[in-house]
Amino acid sequence: MKLKRPLRALGAMSGTSLDGVDAAVVETDGETITRFGETAYRPYSDAERALIRAALGRWPGEPGVAEAAEAVETAHAVVLSGFEGVDLVGFHGQTLAHEPRGRGTHQAGDGRVLAEVLGLPVAWDFRSADVGLGGEGAPLAPFFHFACARWIGADAPLAFLNFGGVGNLTWVDPSKPAPEAEGALLAFDTGPANAPIDDLVAARLGLARDEGGALAASGRADAGIVAAFLDHTWFHRLPPKSLDRADFAALLDAVAPLADADAAATLTACAVAAVARGMAHCPAPPGAVLVTGGGRHNAALMAGLEDALACPVQPVEAVGLDGDMLEAQAFAYLAVRVARGLPTSCRTTTGVPATVGGGVISTPD
Ligand SMILES: Nc1ncnc2c1ncn2[C@@H]1O[C@H](COP(=O)(O)OP(=O)(O)OP(=O)(O)O)[C@@H](O)[C@H]1O
Ligand SMILES: CC(=O)N[C@H]1[C@@H]2OC[C@@H](O2)[C@@H](O)[C@@H]1O[C@H](C)C(=O)O
């Protein structure tokens with residue numbers, strides 16, 4: 001087999017929590033990870049975040065969307081222009097709306113604009129092709145998780161749990177020949193994760209997050225609310241399946257009568273219970289659940305997971321990965337797959353009936 005030269009790809013992700021833009025370099029041929037490179041983070045300014053928040057749930061052409069897209073493009077241009085020697089950029093954009101079986105999926109930010117500004121080829125619009133072919137369009141990190149499992153030298157099934165605004169789980173069997181091979185991957189969103197906790201503490205206490213999970217740790221979860229939450233039709237659906245950040249907005253109404261600490265404990269217990277329920281879908285018990293995303297900094301969430309899951313739960317740092325940058329790295333990796341014409345999703349990751357190569361590449365004029 002002819003070996004392809006690894007590219008130095010720069011990925012960028014702006015997640016559902018709207019905190020800012022993560023950027024990270026990965027050197028890869030689109031299959032094997034050769035090296036993880038530099039990283040950077042650029043928080044949104046309050047003004048940018050307000051523009052983006054005002055456009056959540058909206059579609060191209062609707063009020064406020066152009067302004068949000070400009071804020072996303074500007075923030076990305078700033079952080080991405082700080083890297084050198086880049087062959088290719090992977091630009092996810094900011095998800096404003098996601099209705100894979102309705103109006104589609106909408107990531108704000110135009111890769112053509114970034115290609116011009118950066119003077120580099122930009123892979124972007126990663127989700128539309130999958131949705132167009134009947135898939136969920138998310139999660140897309142699983143093909144990268146497969147490569148990560150190989151990179152850490154795993155040879156038996158394990159799981160990655162991304163605990164951001166929304167939770168998503170990837171079960172991986174790295175002994176399979178490729179991510180799209182039968183039995184290599186199973187991925188799905190688990191349920192709401194930090195987003196409702198953030199919304200609760202923002203509304204009640206004016207805080208950005210429950211730092212370290214301290215508020216939740218000082219309260220008691222309401223078992224009735226957790227049980228009612230698990231009755232949601234979402235938990236009766238088989239994976240693959242994906243969520244919009246707003247899909248569980250009613251959870252905040254459910255905890256409205258509770259005191260602050262009990263409300264935080266209840267939302268934390270719901271996020272954990274959603275993962276525990278999701279584990280039942282795994283084809284075989286994973287050797288460990290490796291937690292990535294901001295939720296791994298929440299000790300109440302991590303303790304809840306350790307109690308609820310049968311296997312060890314560890315932050316991805318335990319295996320030498322960077323849990324703040326895994327999603328940005330994923331879009332660097334996927335950009336190279338797009339450039340090389342390799343698939344980025346398949347039936348077991350997004351439910352799409354065929355194996356799909358998503359994403360488009362825009363080059364500067
Ligand atoms: N020190 C901390 N204590 C508690 N929670 C934290 C801490 N740091 C981050 N978080 C939580 O992690 C979340 C952000 O995580 P992350 O950046 O992985 O999410 P995201 O990428 O924006 O979302 P998604 O993966 O759903 O797109 C925030 O919702 C925040 O509440
Ligand atoms: C539509 C969308 O942007 N989904 C995000 C979101 O954030 C987490 C979860 O929901 C996951 O489905 C996805 O992001 C990750 C990076 C993914 O595609 O794998």
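Start at 1 and go down the list; that is how both ligands and their atoms are numbered.
- For the residue pair Gln107 / Asp125, no side-chain donor-acceptor distance below 3.5 Å is found, with atom types taken as modelled.
- Taking the six-membered ring where the residue is Trp, the centroids of Phe126 and His92 are separated by 6.0 Å or more.
- Between Phe229 and Phe248, the distance from one ring center to the other falls under 6.0 angstrom.
- Only the backbone of Asp210 comes within 4.0 Å of ligand 1, counting heavy atoms alone; no side-chain atom from C-beta on gets that close.
- Here Ala141 has heavy atoms under 4.0 Å from ligand 2 in both its backbone and its side chain.
- Side-chain contact, Thr355 with Glu180: no donor N or O sits under 3.5 Å from an acceptor N or O.
- Using a 4.0 Å cut-off between charged side-chain N and carboxylate O, Arg204 and Asp260 make a salt bridge.
- Of all atoms in ligand 2, numbered sequentially from 1 with element shown, those under 4.0 Å from a heavy atom of Asp189 are 9 (C), 10 (O), 11 (C), 12 (O).
- With respect to the salt-bridge test (charged N to carboxylate O, under 4.0 angstrom), the residues Arg296 and Asp324 qualify.
- At the shortest separation from atom 8 (N) of ligand 1 among protein heavy atoms lies Arg209 NH1, 3.3 Å.
- Considering only non-hydrogen atoms, atom 18 (O) of ligand 1 lies nearest to Gly294 out of Gly295, Gly294, Gly167, Ala216.
- In terms of polar-atom proximity, Thr95 is counted as a contact of ligand 2, with an N or O under 3.5 Å from an N or O of the ligand.
- Shortest contact from atom 7 (O) of ligand 2 to any protein heavy atom: Thr16 CG2, 3.8 Å.
- Applying the 4.0 Å criterion to heavy atoms of Asp198 picks out, from ligand 1, the atoms 28 (C), 29 (O), 30 (C), 31 (O).
- No hydrogens or angles considered: nothing links the side chains of Thr350 and Glu136 as a donor-acceptor pair under 3.5 Å.
- Of all atoms in ligand 1, listed by their number and element, those nearer than 4.0 Å to a heavy atom of Gly293 are 18 (O).
- Taken from OG1 in Thr39 to CG in Leu326, the straight-line distance is 12.0 Å, to the nearest 0.5 Å.
- Among the atoms of Phe163, none of the N or O lies under 3.5 angstrom from an N or O of ligand 1.
- Ion pairing between Glu99 and Arg101 fails under the 4.0 Å rule for side-chain N and carboxylate O.
- Less than 4.0 angstrom separates some heavy atom of Ala138 from each of these atoms of ligand 2: 12 (O).
- Side chains of Ser345 and Asp130: a donor-acceptor N/O pair is present below 3.5 angstrom, by distance only.
- Regarding atom 21 (O) of ligand 1, its nearest protein heavy-atom neighbour is Glu327 OE1, 3.0 Å.
- Of all protein heavy atoms, the one closest to atom 2 (C) of ligand 1 is His297 CB, 3.4 Å.
- Ligand 1 has a nitrogen or oxygen under 3.5 angstrom from a nitrogen or oxygen of Gly165.
- We find the CD1-CZ distance between Ile33 and Arg150 to be 11.0 Å, quoted to the nearest 0.5 Å.
- Ranking protein heavy atoms by distance to atom 24 (P) of ligand 1, first place goes to Thr16 OG1, 3.3 Å.
- Considering all non-hydrogen atoms of both residues, Gly11 and Ala332 come closest at N-CB, 3.3 Å.
- Taking every heavy atom of Glu327 and a limit of under 4.0 angstrom, the matching atoms of ligand 2 come to 15 (C), 16 (C).
- For Trp124 and Phe331, the gap between ring centers reaches or exceeds 6.0 Å.
- Considering backbone and side-chain atoms alike, Leu18 places every N or O at 3.5 Å or more from each N or O of ligand 1.
- Closest protein heavy atom to atom 17 (C) of ligand 2: Leu140 N, 3.2 Å.
- Against a heavy-atom cut-off of under 4.0 Å, Gly212 is close to the following atoms of ligand 1: 2 (C), 3 (N), 4 (C).
- The protein heavy-atom contact nearest to atom 9 (C) of ligand 2 is Asn168 OD1, 3.5 Å.
- Scanning His92, Met302, Glu211, Gln94 for the heavy atom closest to atom 1 (N) of ligand 1 points to Glu211.
- The shortest N or O to N or O distance between Ala208 and ligand 1 is not under 3.5 Å.
- Taking CG from Asp322 and OG1 from Thr292, the interatomic distance works out to 8.0 Å, rounded to the nearest 0.5 Å.
- Below 3.5 Å of separation, one finds no N or O of Pro142 facing any N or O of ligand 2.
- Nearest to atom 19 (O) of ligand 1 among the protein's heavy atoms is Gly164 CA, 3.3 Å.
- Nearest protein neighbour of atom 22 (O) of ligand 1, counting heavy atoms only, is Ser17 OG, 2.5 Å.
- By the criterion of a heavy-atom distance under 4.0 Å, the side chain of Asp19, and not its backbone, is placed next to ligand 1.
- Salt-bridge annotation for Glu84 and Arg8: absent, with no side-chain N of the basic residue lying under 4.0 Å from a carboxylate O of the acidic one.
- Taking 4.0 Å as the cut-off between side-chain N and carboxylate O, Glu48 and Arg42 count as a salt-bridged pair.
- Around atom 15 (C) of ligand 2, the closest heavy atom drawn from Arg127, Glu99, His92 belongs to Arg127.
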